[in-house]
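Comments concern the structure below.
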There are 2 protein chains.
Amino acid sequence: MGSSLAITNRSLHDQVASRVRDLIIEGTLEPGSRIDEAHLIEELGVSRTPFREALRTLAAEGLVIVRPSKGSIVRKLTPEDVFSMLEVLGHLERLAGELACERATDAEVADLIALHERMMACYRTRERMPYYKMNQEFHARLAELSKNETLREMQANIQARLKRIRYIGNQKPDSWAGAVADHEDMVRALKDRDGPLLGEAMASHLKKTWERVKDSL
Amino acid sequence: MGSSLAITNRSLHDQVASRVRDLIIEGTLEPGSRIDEAHLIEELGVSRTPFREALRTLAAEGLVIVRPSKGSIVRKLTPEDVFSMLEVLGHLERLAGELACERATDAEVADLIALHERMMACYRTRERMPYYKMNQEFHARLAELSKNETLREMQANIQARLKRIRYIGNQKPDSWAGAVADHEDMVRALKDRDGPLLGEAMASHLKKTWERVKDSL
DNA sequence: TACGTGCTATATGTATACAAAATACATGGA
DNA sequence: TCCATGTATTTTGTATACATATAGCACGTA
């Protein structure tokens, strides 16, 4: 089920929004740089209408800033922005951890732990990119296990805004090692279904993320 | 400062977004109902382009749902939606309370307490509408005092989604009395700059809000 | 040379026109 | 009568055209 024989239900502006979102997250469109409408619609092969609608969506998501009559730019995060996002994210994920311990099924917990094991395998072989992607997924999946849709949505939103930054975070080997240790703690607490402990682990993990990241801003 | 002599910098889609947002919040556009594009652009005196851009913004904010090729509807909150929002909001405001105690200036605290006093005056004379508005402002201002812009933004977003619902909340007299008691607790903790206590008060206030509201869904 | 002024080019904002899809309706057959 | 199919009408989606605002530049003046 799911995809089956669905053709192309998504409207153009949805597709454009996804595409441009990716361009921003992966850094092809640099933070602070102007978004050249004429150039991008050429590239994407669409007209201005769906493109501009997509921009409005991304603006509401906080990835883009529209300056009336002066064009749009990719939002550039100040250190204060990043700090405030990590502060909030830490508390959201604390909540997610607590709720997940109460609400997730055993199968869901097992799945998440399996993902963790694969992450650890990547760490041992120092494959940064796969590790990075699995890490994003780990946090997103934990938010899902809270069975709280609003929490999942907010977590996803902040995580998207921070994606660029966090990739930089684990550049230094000992930072990476630290993050891995944090994750071991989380999984242990999750296995035991110790909500408060997992919550603490999440919050502390994100506090440390700030330490790991702040110098590269 | 602020307004000074600025003429009209806001673009049409911004104005339309604000206008329609208000129509949704105040209930003129009913939850679950179709948004009649042709009719509304006539009413607002704008063309479809800025109107549709505004719709995309509201969709990203979670107030509107766009169903591809089938038009847009005002999002109708299920009880689960409301519960999940209040759960998250409770924890966000707990954080806001803790941070505000640490970071707000004495003057800011005094201002907020003054607002509280005015709210109480409205309660004594049973002026529901002014009370309701000041209450919204109270929570928004507390979020500001956290000096965390992300927190302020997320709080505002969830509060906007819930506005309709919460107006219903204090219909019953004893519910209203309960909310007032909660607020007295908050202000006491704020006066003492007791962060953990204020945090607890906020979280508990929003848990009770669910109790107050759930039957009218 | 430095600054201000007005013009031109370009980019942005909005309206309209055209295309495609969905819905409502009517007609015909079982 | 009920359902199916085809057609008309309405609504939504996208492209383009037009209007307006901004920014860059050349020129003139102090």
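We name chains A, B, ... by the order of the sequence lines, and we start the count at 1 in each one. Everything numeric in this text was worked out from a predicted model, so none of it was measured.
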Sub-4.5 Å side-chain heavy-atom contact between [X] and [Y]:
X        : Y        : result
B/Leu115 : B/Arg118 : yes
B/His116 : B/Leu190 : no
B/Arg164 : B/Lys76  : no

Between [X] ([atom1]) and [N] ([atom2]), how many Å, whole number?
X       : N      : atom1 : atom2 : result
B/Glu37 : D/dT14 : CD    : P     : 12 Å
B/Ile41 : D/dT11 : CD1   : C1'   : 11 Å
B/Lys70 : D/dT11 : NZ    : P     : 16 Å
A/Ile73 : C/dT12 : CD1   : P     : 12 Å
B/Asp36 : C/dT23 : CG    : P     : 15 Å

Collect all protein-nucleotide pairs involving nucleotides 14-18 of chain C in which both atoms are nitrogen or oxygen and the distance is under 3.5 Å.
residue : atom : partner : partner atom : Å
C/dT14  : OP1  : B/Leu12 : N            : 2.6
C/dT14  : OP2  : B/His13 : ND1          : 3.4
C/dA15  : OP2  : B/Ser47 : N            : 2.8
C/dA15  : OP2  : B/Ser47 : OG           : 2.7
C/dA15  : O5'  : B/Ser47 : OG           : 3.4
C/dA15  : N7   : B/Thr49 : OG1          : 2.7
C/dA15  : N6   : B/Thr49 : OG1          : 3.4
C/dT16  : O4   : B/Thr49 : OG1          : 3.4

| request: Could you pick out which residue, A/Ser69 or B/Ser72, lies toward the 5' side of DNA chain D when each is mapped onto its nearest nucleotide? | output: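 Its nearest nucleotide being more 5', the pick is B/Ser72.
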| query | With no hydrogens and no angle check, do the side chains of A/Thr150 and B/Arg161 hold a donor and an acceptor under 3.5 Å apart? | reply |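 No pair is found: no donor N or O on one side chain lies under 3.5 Å from an acceptor on the other.
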| message | Is it true that B/Gln155 and B/His139 share a donor-acceptor pair across their side chains at a distance under 3.5 Å? | response |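 No donor-acceptor contact under 3.5 Å links the two side chains.
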| query | Counting only side-chain N and O atoms of A/Arg34, is one of them less than 4.0 Å from OP1 or OP2 of C/dT10? | reply |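 The answer is no; no side-chain N or O of A/Arg34 sits under 4.0 Å from OP1 or OP2.
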| task | Pull out every residue in residues 54-68 of chain A that has a heavy atom closer than 4.0 Å to any atom of DNA chain D, ordered by number, or say none. | result |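 The answer is none.
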| field | Inter-residue atom distance A/Glu137.CD - A/Tyr132.OH, 0.5 Å rounding | value |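 If I round to the nearest 0.5 Å, the distance is 13.0 Å.
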| field | Shortest non-hydrogen contact between A/Leu206 and A/Gly90, atoms and distance | value |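 Nearest heavy atoms, A/Leu206 then A/Gly90: CD1-CA, 3.4 Å.
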| said: Taking CD in B/Glu127 as the centre, count heavy atoms belonging to other residues, nucleotides or ligands within less than 6.0 Å. Is the count above 12? | reply: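 Yes.
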